[in-house]
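Along the sequence shown, residues carry numbers from 1.
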Amino acid sequence: MIEFGAIILGLGLLGRFAGRFRLSPIPLYLLAGLAFGEGGLLPLGTSEEFVAIGAEIGVILLLLMLGLEYTASDLVSNLRTQYPAGLVDTALNALPGAAMALLLGWGPVAAVVLAGVTWISSSGVIAKVLGDLGRLGNRETPVILSILVLEDLSMAVYLPILTALLAGTSLAAGSVTLAVALGTAGLVLLVAVRYGRHISRFVSSDDPEKLLLVVLGLTLLVAGLAQQLQVSAAVGAFLVGIALSGEVAEGAHSLLAPLRDLFAAVFFVFFGLHTDPASIPPVLLPALTLALVTALTKIATGYWAARRAGVSTKGRWRAGGTLVARGEFSIVIAGLAVTAGIEPSLGPLATAYVLILVIVGPLTARWTEPVAMWVTGRLRGPAPAGPGEGGASSETSQSAPRAHEALDEQSAADRA
């Protein structure tokens, strides 16, 4: 009790410190986990099991709350329009990981593993960052969420294939696992889209206690069943949020927000607790190289997808910077390979890579747009003066971007 109480108190103080400088507290949470984890300054042990369960609940609640922001029709239309962005995302971000594994001489199976590590953005980290920065209502946010959902749904295909490769099982056995995973994801999505109103009616209650218990219990149940059937628990939780609408969604959002903040902080600490600082230096150079390359490819992915959706220039840069963070899925993928004994150095490399980007990700989400606008402004130089003060031609040429930016600002204000 003392140990866990100290963790929660420390997280609260770190959050207040980050708030003074208008920064996301996620990097501080991770560094705290490193300091008190394996090989850290003061390793913790007695509360580890509770922290592990809390971390799982944290990811589930982060994705549930994201789902509550959107309706089933929004999700379906975004997936239909954004699937080309999912293909670009796969090509730009999986190939660098596969190439690095081959360059290090680790073989084709390790290449498939590292491709997955570099491909998948962290839904948990990004959900937290969007909330911290007040961007849930921005025009680029549906684009970001579409890419995240496409990635998570792709895991229903990727993980069974990877498991079969690691275990050396037959093609038939792998195909059965894959069919079960895809069928489960499709069934949950169908129920969320077609029967969302009935689910909302079943969950609805005027008593906050009953509403909280039913929504939380339903979410954990669906997430657990999805995970047992080789589908991401995060996808299950997201689709539960999508299925709830109207007053139920609003009431659940206000009730679950404090729980989300608590368990999300525990998730980031748990990630740091299981990283041994001594394992990072030997693989730091390749991890840094891979982190730099794939940070740029994620920014390019988000920029392209947001541009295709008609988002303003600033929103495009924000979308790209927000997608940089890697996290829970990457660690799960690397853990499967380590358990199978594929390559001893793969685990530390993946850990160092994810740790770098999970710290850098909140910073790129905050600073990519202002830095990019400053750089492009310097490259273009001062605008030529037109007739009168400021020039009429400059006013006309910038009217469309300003209109988009005004919509972004108004949307964020409405959301707040």
Side-chain angles (χ1 to χ4, degrees), residues 11 14-15 18 23-38 40 51-52 54-56 58-59 61-63 66 89 93 96-97 114 116-133 144 147-148 151-152 155 232 234 260-261 263-277 279-281 283-284 286-299 301-302 320-335 346-368:
L11 293 177
L14 288 174
L23 297 174
S24 171
I26 292 172
L28 298 181
Y29 294 161
L30 289 163
L31 293 175
L34 276 177
F36 297 103
E38 301 174 3
V51 171
E56 289 189 56
V59 175
L61 289 178
L62 282 168
L63 271 296
L66 267 184
D89 178 38
N93 297 287
L114 202 54
V117 171
T118 59
W119 170 22
I120 304 299
S121 296
S122 172
S123 301
V125 174
I126 292 170
K128 175 67 172 171
V129 168
L130 289 172
D132 288 344
L133 297 178
I144 296 170
I147 293 174
L148 293 179
E151 287 180 349
D152 286 352
M155 286 293 96
S232 162
R260 174 202 59 189
D261 295 338
F263 287 108
V266 171
F267 162 70
F268 296 116
V269 170
F270 177 76
F271 185 86
L273 286 174
H274 285 262
T275 302
D276 185 355
S279 67
I280 294 177
V283 294
L284 192 56
L288 281 170
T289 303
L290 202 55
L292 176 62
V293 171
T294 55
L296 294 175
T297 55
K298 275 292 181 183
I299 291 173
T301 299
T322 304
L323 287 169
V324 166
R326 305 322 197 262
E328 60 278 5
F329 266 134
S330 299
I331 293 300
V332 168
I333 292 167
L346 198 154
L349 173 62
T351 300
Y353 167 80
V354 171
L355 187 63
I356 291 167
L357 288 185
V358 85
I359 291 175
V360 171
L363 302 178
T364 59
R366 172 69 180 84
W367 296 105
T368 297

*Nearest heavy-atom pair of Leu11 and Ala265: which atoms, and what distance?*
CD1-CB, 3.7 Å
*Do you know the tightest heavy-atom contact between Ala295 and Val324?*
O-CG2, 3.8 Å
*Shortest non-hydrogen contact from Ala350 to Val117?*
CB-CG1, 4.2 Å
*So how far is it from Ile299 CD1 to Thr368 OG1, rounded to the nearest 0.5 Å?*
4.5 Å
*Taking the side chain from Lys128 and the backbone from Ser123, do they hold a donor-acceptor pair closer than 3.5 Å?*
no
*Pick from Ile126, Leu133, Asp132: which one makes a side-chain contact (heavy atoms from CB on, under 4.5 Å) with Leu130?*
Ile126
_By side-chain contact (heavy atoms from CB on, under 4.5 Å) - contacts of Ile120 (at least two apart)_ = Glu151, Met155, Phe329
*Should Lys298 and Asp89 count as side-chain neighbours, where that means a heavy-atom distance under 4.5 Å?*
yes
Going by atom type alone, with no hydrogens or angles, which donor-acceptor pairs under 3.5 Å involve a side-chain atom of residues 354-363 and a protein atom two or more places apart or on another chain?
none

*Mind checking side-chain hydrogen bond (donor to acceptor under 3.5 Å, both in side chains) for Thr301 and listing every partner two or more places apart, or none if nothing turns up?*
Asn93
*Search all heavy atoms of Ala32 against all heavy atoms of Leu14 and return the closest pair with its distance.*
CB-CD1, 3.8 Å
_Residues that Thr294 engages under side-chain hydrogen bond (donor to acceptor under 3.5 Å, both in side chains), provided they are two or more places apart_ = Tyr353
*Close side-chain approach of Leu114 to Leu349, heavy-atom, < 4.5 Å*: yes
*Does Leu323 offer a backbone N or O that forms a donor-acceptor pair with the side chain of Ser121 under 3.5 Å?*
yes
